[in-house]
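Predicted, not measured: the structure shown is a model, and the values here were computed from it.
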Amino acid sequence: LWPWLLASSGLSALVQLVTLPFFPDSPSYLLIQKGNEEACRKAIRKLWGEGDHQAEIDDIMKEKAAMTSTKTLRVLEVIKERSLRWQLYILMTVMTTLQLCGINAIYFYSFEVFHTAKFEEYLIPYVSLGVGLCECLSSILCSTLIDRFGRKVLLLGGYTLMCAVLALLTMTLSLQHQFFWMHYFSVILIFLFVIFYGIGP
């Protein structure tokens, strides 16, 4: 079954490859990058149907004017620019915490935790698949929550809950040989960690 599951990702790529030539180019790309207003109008009509789309074209023209007036900075110039310092710090912090949050360790050791929890050998791959499905569903849930609560709340809440889950998971893994039910609690914590990771970071 696993070879078929892995091969199924190629199906969506094949569909995109076949259908992509029939999609119009982006109107903003045609107008801003190519400077072809007629092709832009044609793409807009193809996307949104016939009608007066001058307002959309005016917006793209404003975007083009804003881009031409904006100076393109090199990497060293971005680092030296004082007005961008806080944005750079925030970006570096978010990316660093994303890499060091522990999700890779969870995925790496989850198989061993499931094995220790006395799951049947043939069931463990499906439980691991369930972990991946949890991340997918929580990411979809995040896209609906982000408009309501904002990115900052989700990031802070997600990391706080992930820290709490990792602390509990460390405790349950240390005590798993003393209490038989600790194995199952560890499995629940793995699922919770993945859900909080999908919703937060």
Worksheet item: Shortest non-hydrogen contact from G132 to Y107?
Response: CA-OH, 4.2 Å
Fill in: Heavy-atom pair of closest approach, residues L173 and S186
CD2-OG, 4.0 Å
Discussion item. Quick check for you: to the nearest 0.5 Å, what is the distance between M95 atom CE and I90 atom CD1?
Written reply: 14.0 Å
Worksheet item: Just how far is it from atom OH of Y126 to atom CG of L129, taken to the nearest 0.5 Å?
Response: 8.5 Å
Discussion item. According to ring pair (Phe, Tyr, Trp, His ring centres under 6.0 Å), who are the partners of F179, at least two apart in sequence or on a separate chain?
Written reply: W181
Worksheet item: Taking atom CZ of R151 as the centre, does the number of heavy atoms from other residues, nucleotides or ligands within less than 6.0 Å exceed 12?
Response: no
Worksheet item: Nearest 0.5 Å, what's the NZ-CG distance between K42 and N36?
Response: 10.0 Å
Worksheet item: Going through the distances and angles, do I60 and Y29 end up as a side-chain contact (heavy atoms from CB on, under 4.5 Å)?
Response: CA-CA 9 Å; I60 297 171; Y29 165 76; over 6 Å; no
Discussion item. If hydrophobic clusters are built from ILVMFWY residues whose side chains come within less than 4.5 Å, do Y109 and M182 share one?
Written reply: no
Worksheet item: Is the shortest heavy-atom distance from the side chain of K46 to the side chain of F23 under 4.5 Å?
Response: no
Practice prompt. Mark yes or no for whether E77, through its side chain, and R74, through its backbone, hold a donor-acceptor pair below 3.5 Å.
Written response: yes
Practice prompt. Kindly work out whether a path of hydrophobic side-chain contacts (I/L/V/M/F/W/Y, heavy atoms less than 4.5 Å apart) joins L141 to L137.
Written response: no
Response to the item:
Grouping ILVMFWY residues whenever side-chain heavy atoms fall under 4.5 Å, the cluster of W86 otherwise contains Y89
Discussion item. Assess whether a salt bridge exists between E81 and R85, defined as any Lys/Arg side-chain N lying under 4.0 Å from an Asp/Glu carboxylate O.
Written reply: no
Worksheet item: How many angstroms lie between NZ in K64 and CD in Q33, if you round to the nearest 0.5 Å?
Response: 9.0 Å
Discussion item. Show the nearest heavy-atom pair for residues P125 and E121, with the distance to one decimal.
Written reply: CD-O, 3.4 Å
Fill in: Atom pair CZ/CD1 of F149 and I199 - distance to nearest 0.5 Å
10.0 Å
Practice prompt. Give the cluster check for I188 versus L166: same hydrophobic cluster or not, with ILVMFWY residues linked at side-chain heavy-atom distances below 4.5 Å.
Written response: yes
Discussion item. Quick check on Y159: does its OH atom have over 12 non-hydrogen neighbours (other residues, nucleotides or ligands) under 6.0 Å away?
Written reply: yes
Practice prompt. Please report the C-alpha distance between L161 and F193 in whole Å, then the side-chain angles of each, then the deciding distance to 0.1 Å, and finally whether the side-chain contact (heavy atoms from CB on, under 4.5 Å) criterion is met.
Written response: CA-CA 8 Å; L161 291 169; F193 183 87; over 6 Å; no
Fill in: Any side-chain heavy-atom pair of L91 and Q87 under 4.5 Å
no
Discussion item. Starting from L20, can I reach V15 by hopping between I/L/V/M/F/W/Y residues whose side chains sit under 4.5 Å apart?
Written reply: no
Item to complete: Test side-chain contact (heavy atoms from CB on, under 4.5 Å) on H115 and E120 and set out the steps.
Response: CA-CA 8 Å; H115 187 75; E120 295 289 339; over 6 Å; no
Worksheet item: So which heavy atom on C40 is nearest to which on P27, and how close?
Response: SG-O, 3.5 Å
Item to complete: Report the distance from atom CD1 of I44 to atom CG of L30, rounding to the nearest 0.5 Å.
Response: 9.0 Å
Worksheet item: Should the pair F191 and F114 be assigned to parallel (<30°), tilted (30 to 60°) or perpendicular (>60°) ring geometry?
Response: tilted
Discussion item. Evaluate I32 against S28 for side-chain contact (heavy atoms from CB on, under 4.5 Å), listing each step before the verdict.
Written reply: CA-CA 6 Å; I32 295 171; S28 57; 4.2 Å; yes
Discussion item. If hydrophobic clusters are built by linking Ile, Leu, Val, Met, Phe, Trp and Tyr wherever their side-chain heavy atoms come under 4.5 Å apart, do L123 and V131 end up in the same one?
Written reply: no
Worksheet entry | For V113, the option from I124, L169, L189, V187 that meets side-chain contact (heavy atoms from CB on, under 4.5 Å) | V187
